[in-house]
Trainee: 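First the structure, which I've put down as structure tokens, then a few questions once you've had a look.
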Number of protein chains: 2
Amino acid sequence: MDSEMARARVLDAAEELFYGRGVQAVGMDEIRSASGVSLKRVYQLFPAKTDLVEAYLLRRDARWRADLARFVADGDSSRERILRVYDWLERWFGEPDFRGCAFVNSYGEMGAVSEAVARAARTHKELFQRYVAGLVADAGQPDRLAAPLALLAEGAITTAAISGSPEPARHAREAAARLLEA
Amino acid sequence: MDSEMARARVLDAAEELFYGRGVQAVGMDEIRSASGVSLKRVYQLFPAKTDLVEAYLLRRDARWRADLARFVADGDSSRERILRVYDWLERWFGEPDFRGCAFVNSYGEMGAVSEAVARAARTHKELFQRYVAGLVADAGQPDRLAAPLALLAEGAITTAAISGSPEPARHAREAAARLLEA
DNA sequence: TCCGGTGGAGAACGATCGTTCTCCACCCCT
DNA sequence: AGGGGTGGAGAACGATCGTTCTCCACCGGA
């Protein structure tokens with residue numbers, strides 16, 4: 001198994017465990033056993049746990065936004081594409097291992113104590129807001145709609161996570177549609 | 001110092017430390033030194049750390065909602081009172097030690113591993129949503145507005161926490177006003 | 001004045017965890 | 001065939017932390 005492969009396996013295991021149970025609740029030894037990569041190799045690839053946490057967040061950010069953008073791009077009109085953001089959220093909320101936003105969770109857990117985690121969360125949210133702003137601009141809608149549309153999505157993620165129901169995505173979608181009408 | 005007083009001091013210290021740095025980042029010894037209550041007494045009052053965490057969340061929920069309701073009640077009209085929710089959030093976001101929603105943070109940190117924390121977060125959010133629904137009903141607005149108004153508030157809290165800016169409260173307020181117009 | 005019990009200070013214990021080290025098997029190069 | 005270096009398994013180390021225990025000072029009642 002080459003180094004590329006080992007790295008991917010470690011990151012896969014880290015993502016599943018960190019996201020599913022929280023960063024501090026998962027020990028490095030558990031990542032070793034879940035990934036099948038020896039502890040020595042894990043520490044060669046990621047010299048400290050914080051490096052692994054950072055890599056996990058960066059990779060997840062890229063994949064999350066790419067998945068969202070791919071789904072949204074299938075919309076027929078620019079207005080429809082905005083609303084498809086909430087459809088995608090609803091699908092996400094329905095996944096059995098959905099547990100809210102990895103960045104919000106990590107920020108709540110370590111944001112006060114780890115500047116790297118805080119920065120990763122800030123960057124992720126900023127890129128999401130910029131993406132929404134792009135959709136709004138493409139639809140010829142006024143710029144001021146971007147922030148509330150992002151807030152609705154953000155609120156839906158948190159509410160769905162804590163309540164355990166995907167319903168907030170539909171409420172957010174309806175409200176977004178109403179904001180787009182005016 | 002009687003038992004009531006000791007309990008209050010411990011909870012005050014726990015709230016400041018747990019909210020400020022996260023539950024797992026704070027040791028019981030630090031709560032002892034911050035509260036001035038001996039470790040033995042702390043454990044008499046709260047037999048385990050989880051009991052202290054639960055008491056912290058319960059007390060914070062009660063006070064948070066009471067503070068909000070007191071501020072909102074000063075609004076002149078029922079419509080104005082709904083919008084004052086976002087004004088109160090903006091004041092909260094501006095406080096120097098604001099670090100997001102204690103329940104969202106605790107849920108992200110321990111929700112997957114502690115059913116008590118998950119339940120406290122669910123209850124808190126449910127009571128907040130019910131409170132918003134009451135304001136909507138008082139204003140004679142349709143019930144379906146309650147959920148999106150709560151989502152805007154929820155999104156504003158998370159976004160303000162991570163971005164470090166109180167601005168999301170104003171965006172949420174403007175969007176809420178627009179939803180109330182239709 | 002003695003005494004039992006309450007409470008404080010802090011050491012001690014046991015577990016967990018991040019990180020490193022030891023020891024050994026394997027394998028490519030000459 | 002021999003040797004050096006890579007990698008695996010897992011023990012070991014040092015720190016932290018939740019929780020308990022020890023020892024002692026104090027204090028109200030006989």
Trainee: C/dG8 phosphate, OP1 or OP2: any side-chain N/O from B/K40 under 4.0 angstrom?
Mentor: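 Checking B/K40 against C/dG8: no side-chain N or O falls below 4.0 Å of OP1 or OP2.
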
Trainee: Can you tell me the distance, in whole Å, between the CD atom of A/E30 and the P atom of C/dT19?
Mentor: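 Distance, rounded to whole Å: 16 Å.
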
Trainee: Linking I/L/V/M/F/W/Y whenever any side-chain heavy atoms sit under 4.5 Å apart, do A/L58 and A/Y131 land together?
Mentor: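 The answer is no; the residues belong to distinct hydrophobic clusters.
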
Trainee: Would you mind classifying the nucleic acid contact of A/V26 as base, sugar-phosphate or nothing, using non-hydrogen atoms under 4.0 angstrom?
Mentor: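 Answer is sugar-phosphate: A/V26 comes under 4.0 Å of backbone atoms only.
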
Trainee: What is the separation between atom CG on B/D29 and atom P on C/dA12, rounded to the nearest whole Å?
Mentor: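 Result: 15 Å.
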
Trainee: Return whichever of B/A25 or B/P47 has its heavy-atom-nearest nucleotide of DNA chain D closer to the 5' end.
Mentor: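 By nearest-heavy-atom nucleotide position, the 5'-most residue is B/A25.
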
Trainee: Taking the minimum atom-to-atom distance to the side chain of A/K49, which one of D/dG18, C/dG18, C/dG7 wins?
Mentor: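 Closest nucleotide among those given: C/dG18.
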
Trainee: If you check the B/L39 side chain, which of C/dG18, D/dG7, D/dT19 turns out closest?
Mentor: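 The answer is D/dT19.
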
Trainee: Whole-Å distance between D/dG14 P and A/M28 CE?
Mentor: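 Roughly 20 Å, once rounded to whole Å.
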
Trainee: Rounded to the nearest angstrom, tell me the gap between atom CD in B/Q24 and atom P in C/dG18.
Mentor: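 Going from CD in B/Q24 over to P in C/dG18 covers 11 Å.
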
Trainee: Find the distance between CG (A/L127) and CZ (A/R65) and round it off to the nearest 0.5 Å.
Mentor: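 Reported value, rounded in 0.5 Å steps: 4.5 Å.
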
Trainee: Distance check needed: D/dA9 P versus A/Q44 CD, whole Å only.
Mentor: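 So the CD-P distance, A/Q44 to D/dA9, works out to 13 Å.
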
Trainee: Rounded to the nearest Å, what distance is computed from the CG atom of residue A/L17 to the P atom of nucleotide C/dC17?
Mentor: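 My rounded result for the distance is 12 Å.
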
Trainee: Within this structure, what is the CD-CG distance for the pair A/E80 and A/L83, rounded to the nearest 0.5 Å?
Mentor: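 Going from CD on A/E80 over to CG on A/L83, the span is 5.5 Å.
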
Trainee: Measure OH/A/Y43 against P/C/dG18 and give the value in whole Å, please.
Mentor: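 Whole-Å distance recorded here is 6 Å.
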
Trainee: Classify the ring geometry of A/F93 against A/F98: parallel below 30°, tilted from 30° to 60°, perpendicular beyond 60°.
Mentor: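 It falls in the tilted class, 30° to 60°.
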
Trainee: Using the ring of A/F71 (Phe, Tyr or Trp, six-membered ring only), decide whether A/R84 places NZ or CZ under 6.0 Å from its centre and within 45 degrees of its axis.
Mentor: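 Geometry flag: set, cation within 6.0 Å and 45°.
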
Trainee: Please report, rounded to the nearest Å, how far the P atom of C/dG18 is from the CZ atom of A/R32.
Mentor: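 Going from A/R32 (CZ) to C/dG18 (P), I get 13 Å.
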
Trainee: Please compare B/A48 and A/R41 by the position of their nearest nucleotide in DNA chain D and report the one closer to 5'.
Mentor: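 Residue closer to the 5' terminus by nearest nucleotide: A/R41.
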
